[in-house]
Amino acid sequence: METEEHLLPQPRRAEALGGRRRHRDRVAQPPGLDDASRRLANEQPAADALVHARRIAGGGPRPATPEPRPPVLRSASPSGTHAMAQRDSIRDLAQKVGQTAVVRGWVYHRRTAGKLCFLEVRDGSGVVQAVVKKGAVPDAQFEAADKVRLESSVAVTGTVRADPRAAGGVELSVSDLQVVSACVADFPVGKKEHGIGFLMEERHLYLRSRRPWATLRVRAEVERALREWLDAAGYTAVDAPIFTPSAAEGTANLFRVDYFGEPAFLSQTGQLYMEAAAQSLGKVYCFGPTFRAEKSKTRRHLTEFWMLEPEIAFGDLDEVMSVMESVVSHAVSRVLERCRPELEALGRDVAALERVKPPFPRVSYDDALEMLKGTPAEIPWGEDFGAPQEDAVSAKFDRPILVHRFPTKIKAFYMKPDPARPEVVLGCDCVAPDGYGELIGGGERASDLAYLEHKIAEENLPKAAYEWYLDLRRYGACPSAGFGLGLERTVSWICGLDHAREAAAFPRTLHRVYP
RNA sequence: UCCCCGGUAGCUCAGUCGGUAGAGCGGCUGACUGUUAAUCAGUAGGUCCGUGGUUCGAGUCCACGCCGGGGAGCCA
């Protein structure tokens with residue numbers, strides 16, 4: 001079936017990024033113990049249970065604002081029958097100078113200097129240099145430190161020492177080194193440049209490198225911030241189905257699955273379901289994976305991506321535009337607040353992100369066409385906005401913009417025409433700066449039954465498949481508005497990534513479903 | 001579906017006019033008690049994507065195929 005046309009960005013031009021950039025990654029050192037650790041120490045003390053849970057989790061995500069009380073894990077409780085192995089988070093080592101700590105993690109890097117061996121160990125929370133001195137540990141352990149393959153898992157016990165020579169300010173004077181599991185061969189992903197094809201083939205291992213580490217942490221923070229804003233604003237999270245019924249001729253871009261002998265399809269939007277849910281709960285959102293079987297090979301396209309789709313009963317275009325700029329700004333400000341080391345690791349221009357605050361400039365389709373007059377991107381009224389148009393217009397601003405009121409004929413059937421100008425719809429796209437294109441698409445839904453029936457017939461859509469949706473107009477119809485935000489594109493923009501696939505842990509693209 | 005680019009050592013790449021296969025990094029061996037992508041010395045490592053063709057001779061030229069990258073269309 002047809003879906004909202006601008007839930008996600010139109011293509012962005014390669015030129016906007018300075019031409020064809022080679023996908024290389026220098027897998028350099030991850031941030032060591034830095035302000036992440038210190039910042040954490042300054043955050044409000046968590047409940048005992050929370051602290052306990054984090055110790056168990058071994059350096060899990062940083063605390064977010066309102067955090068639910070975690071379950072008590074009895075089996076791992078210190079008072080239980082199982083003694084827990086000590087495990088100190090590298091992030092917290094700065095607070096343990098002079099104490100003995102046990103770091104369990106992976107050998108990130110190794111340098112040797114005669115009877116000294118420097119091991120950089122990472123545990124997900126940070127990296128710390130462990131110094132192994134011949135004589136300070138049994139000879140066999142020194143030998144192991146000297147020979148251990150990178151990315152082998154280890155348990156290192158030692159005294160935390162403040163040392164200005166160490167990258168994070170502290171290092172570990174090792175008294176005991178255990179190789180938990182040695183790599184069976186040299187780790188495939190090295191510290192130098194690699195091509196994107198190789199990195200994606202080794203994605204499960206590449207994940208351990210700095211860029212993926214930083215990106216996934218930012219992604220997690222973005223997800224958290226988006227939910228946080230909506231939850232605080234009174235929205236109810238409603239999970240949309242992934243299996244959807246055979247719906248329309250537009251199934252060419254849907255993944256078909258065998259549903260007990262019947263055809264079914266992987267969802268490409270939860271929007272229509274959210275409209276139903278909004279009639280129960282008022283303000284709702286879904287946040288989950290969506291699937292598009294399009295053979296698009298661009299840095300903006302994934303075949304599986306996550307979309308945040310709020311829907312507001314009795315909402316209108318102005319409200320929806322306000323929510324768009326609010327959630328995007330909130331996500332950016334949370335990332336700025338909590339992910340500085342990650343942004344630094346990614347080389348992101350933080351100043352550009354700091355400008356991202358409401359209000360975003362409102363640009364009507366008419367205004368945009370006016371701006372494009374005389375430029376190579378000029379198009380006649382009525383033609384759809386493409387990447388050249390988006391880039392040319394967004395380049396005139398220093399923050400995301402809201403482009404609204406597109407021609408009715410180029411938009412999806414369910415979008416509501418502007419009563420004052422039926423030739424345009426009350427829809428809006430949020431276009432990111434720097435050629436990242438469309439992050440969000442949305443607007444008011446057509447609520448008039450007769451109009452929808454007319455549009456469905458006009459576009460030759462199978463009416464039967466839409467009967468349930470039409471029921472929403474038959475039984476207490478209301479004005480409704482909402483939008484879809486593409487998570488990977490948003491994260492790509494915030495992180496300054498080259499490709500949306502970098503924003504997913506295990507991206508699915510036209511030519512990749514492995515690993 | 002279309003257009004462009006690519007496939008040579010584990011990785012990233014160079015390879016001139018068609019004439020014995022190269023570099024950096026990584027690996028291995030050794031040296032080094034403060035290294036930060038350490039440094040220094042030595043060393044090993046090749047189905048030049050595949051098939052066929054042209055040629056005395058093909059990594060190089062031609063055809064077809066396979067795989068990958070970027071973009072267009074389309075889509076979000």
Side-chain angles (χ1 to χ4, degrees), chain A residues 2-15 17 19-30 32 108-120 127 129-136 142 146-147 149-150 161 163-168 171 173 185-202 206 210 250 252-254 267-269 271 290-309 384 386-388 412 429 437-442 483-490 498-501 509-512:
Chain A
E2 283 297 314
T3 56
E4 184 166 343
E5 286 188 45
H6 287 78
L7 292 174
L8 275 176
Q10 292 287 325
R12 81 181 201 246
R13 309 288 295 184
E15 301 89 81
L17 292 178
R20 207 180 285 172
R21 259 157 84 185
R22 303 286 282 182
H23 285 279
R24 299 276 167 67
D25 190 13
R26 299 180 51 143
V27 191
Q29 293 183 61
Y108 191 75
H109 198 56
R110 186 189 68 225
R111 289 176 291 273
T112 61
K115 298 185 172 59
L116 271 181
C117 182
F118 302 95
L119 294 181
E120 286 182 27
V127 176
Q129 176 166 280
V131 183
V132 187
K133 284 186 185 175
K134 187 153 185 146
F142 183 83
D146 199 52
K147 296 280 183 282
R149 283 192 168 109
L150 300 191
R161 287 195 308 103
D163 193 320
R165 292 170 296 189
E171 61 180 26
S173 287
D186 292 323
F187 198 68
V189 181
K191 297 263 187 286
K192 294 272 181 164
E193 49 186 17
H194 290 293
I196 192 62
F198 176 79
L199 290 176
M200 286 301 142
E201 190 69 14
E202 304 290 343
Y206 174 45
R210 182 177 66 159
N253 51 25
L254 289 176
S267 169
Q268 64 176 184
T269 173
Q271 184 213 315
T290 50
F291 307 86
R292 306 289 164 89
E294 289 147 12
K295 298 198 170 177
S296 300
K297 298 169 56 175
T298 83
R299 64 187 71 206
R300 303 168 305 279
H301 289 87
L302 300 174
T303 53
E304 174 182 326
F305 63 94
W306 276 53
M307 191 151 65
L308 173 75
E309 296 179 277
D384 201 2
D429 291 349
E438 189 181 340
L439 304 180
I440 302 179
F483 63 84
L485 175 149
L487 180 64
E488 285 79 3
R489 287 184 183 182
T490 302
D498 289 334
H499 197 299
R501 69 183 151 217
T509 57
L510 181 55
H511 291 299
R512 181 163 299 283

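Every chain is numbered from 1, with letters handed out A, B, ... down the list of sequences.
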S.K.: Does the Thr112(A) side chain pair with the main chain of Gly114(A), one donor and one acceptor, at a distance under 3.5 Å?
M.R.: no
S.K.: When the P atoms of G30(B) and C66(B) are compared, how many Å lie between them, rounded to an integer?
M.R.: 49 Å
S.K.: Check whether any side-chain N or O of Ser296(A) sits under 3.5 Å from a backbone N or O of Thr298(A) as a donor-acceptor pair, and report yes or no.
M.R.: no
S.K.: Side chain of Lys133(A): nearest nucleotide among U33(B), U35(B), G70(B)?
M.R.: U33(B)
S.K.: Rounded to the Å, how far apart are His301(A) NE2 and G69(B) C1'?
M.R.: 16 Å
S.K.: What integer number of Å spans the P atoms of G57(B) and G18(B)?
M.R.: 16 Å
S.K.: When you get a sec, tell me which of G34(B), G68(B), U12(B) is the closest nucleotide to the side chain of His511(A)?
M.R.: G68(B)
S.K.: Between Ser173(A) and Arg161(A), do the side chains contain an N or O donor and an N or O acceptor separated by less than 3.5 Å?
M.R.: yes
S.K.: Report the distance from atom CG of Asp498(A) to atom C1' of G69(B), rounded to the nearest whole Å.
M.R.: 13 Å
S.K.: C11(B) P sits how many Å from Leu150(A) CG, rounded?
M.R.: 17 Å
S.K.: When rounded to the nearest Å, what value does the distance between P atoms of U16(B) and C49(B) take?
M.R.: 14 Å
S.K.: Let me know, please, whether Arg165(A) or Ser296(A) comes out on the 5' side of the other along RNA chain B by nearest nucleotide.
M.R.: Arg165(A)
S.K.: For atom C1', what is the distance between G42(B) and C32(B), given to the nearest Å?
M.R.: 16 Å
S.K.: Starting from P on C11(B), measure out to CZ on Phe187(A) and report it in whole angstrom.
M.R.: 15 Å
S.K.: Would you say G70(B) has OP1 or OP2 under 4.0 Å from some side-chain N or O of Arg501(A)?
M.R.: yes
S.K.: Whole angstrom is fine here: how far is it from CG in Asp384(A) over to C1' in A72(B)?
M.R.: 15 Å
S.K.: When rounded to the nearest Å, what value does the distance between C1' atoms of C11(B) and G26(B) take?
M.R.: 7 Å
S.K.: With the side chain counted from C-beta on, respond yes when Lys134(A) and Leu116(A) share a heavy-atom pair under 4.5 Å apart, and no when they do not.
M.R.: no
S.K.: Considering just the side-chain nitrogens and oxygens of Arg299(A), establish if one lies under 4.0 Å of OP1 or OP2 belonging to G70(B).
M.R.: no
S.K.: Looking at Glu488(A) and Trp306(A), would you say the former's side chain and the latter's main chain have a donor-acceptor pair under 3.5 Å?
M.R.: yes
S.K.: What distance, rounded to whole Å, do you find between the two P atoms, one in G24(B) and one in A14(B)?
M.R.: 16 Å
S.K.: What does Glu171(A) touch in the nucleic acid at a heavy-atom separation under 4.0 angstrom: a base, only the sugar-phosphate, or nothing?
M.R.: base
S.K.: I want to verify a distance call: between C11(B), G69(B), U1(B), whose nearest atom is closest to the Phe198(A) side chain?
M.R.: C11(B)
S.K.: Return the pairing partner of A63(B) with a 3.5 Å limit on both distances, Watson-Crick or G-U wobble; otherwise return none.
M.R.: U51(B)
S.K.: Among the candidates U35(B), C74(B), A72(B), find the nucleotide nearest to the side-chain atoms of Gln129(A).
M.R.: U35(B)
S.K.: Rounded to the nearest Å, what distance is computed from the CE atom of residue Met200(A) to the C1' atom of nucleotide G70(B)?
M.R.: 15 Å
S.K.: Mind checking Thr290(A) for me? I need base, sugar-phosphate or nothing, with any heavy atom below 4.0 Å counting as a touch.
M.R.: nothing
S.K.: Under 4.0 Å between a Lys/Arg side-chain N and an Asp/Glu carboxylate O for Arg149(A) and Asp186(A)?
M.R.: yes
S.K.: In whole angstrom, give me the gap between the P atoms of A21(B) and U47(B).
M.R.: 14 Å
S.K.: Nearest to the Ile196(A) side chain among G34(B), G69(B), C32(B), which nucleotide is it?
M.R.: G69(B)
S.K.: Would you mind pulling out the nucleotide paired to C40(B), Watson-Crick or G-U wobble, both distances under 3.5 Å?
M.R.: G30(B)
S.K.: For His499(A) and G71(B), give me the distance from atom NE2 to atom P, rounded to whole Å.
M.R.: 6 Å
S.K.: Does the Lys NZ or Arg CZ of Lys191(A) fall within the cation-pi geometry relative to Tyr108(A) - under 6.0 Å from the ring centre and within 45° of the axis?
M.R.: yes
S.K.: What's the NZ-P distance between Lys297(A) and C67(B), to the nearest Å?
M.R.: 11 Å
S.K.: Using both distances under 3.5 Å as the test, list the Watson-Crick or G-U wobble partner of U1(B), or none.
M.R.: A72(B)
S.K.: Give me the distance, rounded to whole Å, that separates U8(B) from C61(B) when you measure between the P atoms they each carry.
M.R.: 15 Å
S.K.: Using a 4.0 Å heavy-atom cut-off across all strands, classify Phe118(A) as base, sugar-phosphate, or nothing.
M.R.: base
S.K.: For Leu302(A) and for Lys147(A), find the nucleotide of RNA chain B with the closest heavy atom, then tell me which residue's nucleotide is more 5'.
M.R.: Lys147(A)
S.K.: Could you work out which one of U33(B), U1(B), U35(B) sits closest to the side chain of Arg111(A)?
M.R.: U35(B)
